[in-house]
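The structure appears right after this line, and notes come after that.
Worth saying up front: this structure is predicted, and the values here are computed from it rather than measured. Both backbone and side-chain heavy atoms feed into the values below; hydrogens, waters and symmetry mates do not.
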Amino acid sequence: MAALAFSVHIATAQNPYAADVQSVDAIVNALYEVISGEAGQARDWARFQYLFAADARLIPTRKNTEGKLYPQAITPSEYVALFQARIPTGFFERELGRKTETYGTVTHLFSTYETREKKDGPITNRGINSIQLFHDGQRYSIVSIFWCAESMGFPLPAKYID
């Protein structure tokens, strides 16, 4: 059993993304960093996928043609496909503030964000990512990200902007 644990540790240490999942700050920073970039700049989707637990979901708040709000649960792979199809321009998302709660293996955070099409361009949207993380004693994994943008009709409360 000790040999198995040692070999797993070596494999993790050699993974180029291992540092991304060692702390709450690291995984959140990696999440925002990996989806951000100039138009035509390839994203590291293997790094993106590594951040997520098996069966993880990303859940944007959507609005149908009648204006009714609903959650749309998708997998990380489905997110990648949607992202590549819908954002041919540059896309930058950065964290503005964070509220974090942790109990046992569970960490929940409200991560307030803003988006831009150019790194120093005008803000195109803001909102809150509700991110749930699982810590297995070795690493953090994203279990879900449920978000709502101001474009859905909800201005950001000042208490979520640090």
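Around OH of Tyr103, the count of heavy atoms belonging to other residues, nucleotides or ligands within 6.0 Å does not exceed 12. Other residues, nucleotides and ligands place no more than 12 heavy atoms under 6.0 Å from the CD atom of Glu101. Crowding of Lys118 atom NZ: a count of heavy atoms from other residues, nucleotides or ligands under 6.0 Å not exceeding 12.
The same ILVMFWY cluster, assembled from side-chain heavy atoms under 4.5 Å apart, contains both Ile35 and Leu58. Connection of Tyr160 to Met152 is not established within any shared hydrophobic cluster, with ILVMFWY side chains joined at heavy-atom distances below 4.5 Å, either directly or through further cluster members. Put simply, Val24 and Val34 are part of the same group of oily side chains (I, L, V, M, F, W, Y) that touch within less than 4.5 Å, one to the next. Both Val21 and Tyr79 belong to a common hydrophobic cluster when Ile, Leu, Val, Met, Phe, Trp and Tyr are linked at side-chain heavy-atom distances under 4.5 angstrom. Leu82 and Ile142 fall within the same hydrophobic cluster, where Ile, Leu, Val, Met, Phe, Trp and Tyr residues are linked whenever their side-chain heavy atoms come under 4.5 Å apart, directly or through other members.
Within the model, atoms OG of Ser111 and CZ of Arg94 stand 11.0 Å from one another, a figure rounded to the nearest 0.5 Å. With rounding to the nearest 0.5 Å, the separation of SG in Cys148 from CG in Asn129 is 10.5 Å. Here the straight-line distance linking atom CG of Asp20 with atom CD of Glu33 works out to 7.5 Å at 0.5 Å rounding. A distance of 6.5 Å separates CD1 in Ile131 from CG in Leu133, rounded to the nearest 0.5 Å. Distance CD/Gln22 to OH/Tyr140: 9.5 Å, rounded to 0.5 Å. Between Asp55 atom CG and Ser141 atom OG the span is 12.0 Å, to the nearest 0.5 Å.
The heavy-atom pair separating Gly153 from Pro155 by the smallest distance is O-CD, 3.6 Å. Minimum heavy-atom separation, Tyr113 to Ala149: OH-CB, 3.4 Å. The two residues Ser77 and Gln49 come nearest to each other via the heavy atoms OG-NE2, 3.2 Å. Considering all non-hydrogen atoms of both residues, Ile128 and Leu156 come closest at CG1-CD2, 3.5 Å. For the pair Pro76 and Ala56, the tightest heavy-atom approach, listed with the atom from each and the gap, is CD-O, 3.5 Å.
Arg43 contributes a side-chain N or O that, together with a main-chain N or O of Gly37, makes up a donor-acceptor pair within less than 3.5 Å. With Glu78 contributing its side chain and Thr75 its backbone, the two residues share a donor-acceptor pair below 3.5 Å. Of the possible donor and acceptor atoms, none in the side chain of Ser130 sits under 3.5 Å from a partner among the backbone N and O of Trp147.
Aromatic ring centres of Phe92 and Tyr32: separated by at least 6.0 Å.
Asn125 and Thr115 form no side-chain donor-acceptor contact under 3.5 Å, judged by distance and modelled atom types alone. Between the side chains of Asp44 and Tyr17, a donor-acceptor pair is found at a separation under 3.5 Å. A donor-acceptor contact under 3.5 angstrom links the side chains of Gln132 and His108, judged on distance only. A donor atom on one side chain and an acceptor atom on the other are not found under 3.5 Å apart for Thr112 and Glu95.
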(message) Using the rule given for side-chain contact (heavy atoms from CB on, under 4.5 Å), can you reason through Lys68 versus Lys63, listing the C-alpha separation, both sets of side-chain angles and the distance that settles it, and then say yes or no?
(response) CA-CA 5 Å; Lys68 184 177 179 182; Lys63 193 179 287 189; over 6 Å; no
Carefully, step by step, assess Glu114 and Arg116 under the rule salt bridge (charged side-chain N to carboxylate O under 4.0 Å, His left out). CA-CA 7 Å; Glu114 69 180 18; Arg116 301 169 187 259; 2.9 Å; yes
_Please determine whether ring pair (Phe, Tyr, Trp, His ring centres under 6.0 Å) holds for the pair Phe83 and Trp45, giving the CA-CA distance in whole Å, both sets of side-chain angles, and the decisive distance to 0.1 Å._
CA-CA 11 Å; Phe83 186 98; Trp45 295 120; 5.3 Å; yes
Q: List the steps, then state whether side-chain contact (heavy atoms from CB on, under 4.5 Å) holds for Thr61 with Phe146.
A: CA-CA 7 Å; Thr61 299; Phe146 177 37; 3.8 Å; yes
Quiz item: Would Ile59 and Ile145 count as a side-chain contact (heavy atoms from CB on, under 4.5 Å) if you check the C-alpha gap in whole Å, the side-chain angles of each, and the deciding distance to 0.1 Å?
Solution: CA-CA 6 Å; Ile59 311 165; Ile145 307 173; over 6 Å; no
**OP:** Verify side-chain contact (heavy atoms from CB on, under 4.5 Å) between Leu96 and Arg126, making sure each step is shown before the conclusion.
**Re:** CA-CA 9 Å; Leu96 299 174; Arg126 299 186 318 168; 4.2 Å; yes
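Salt bridge annotation for Lys119-Glu38: absent, with no cationic side-chain nitrogen under 4.0 angstrom from a carboxylate oxygen.
Figure legend: cation-pi geometry between Arg139 and Tyr50, with NZ or CZ positioned under 6.0 Å from the six-membered ring centre and within 45° of its axis.
Between Pro71 and Arg62 the shortest side-chain heavy-atom distance does not fall below 4.5 Å.
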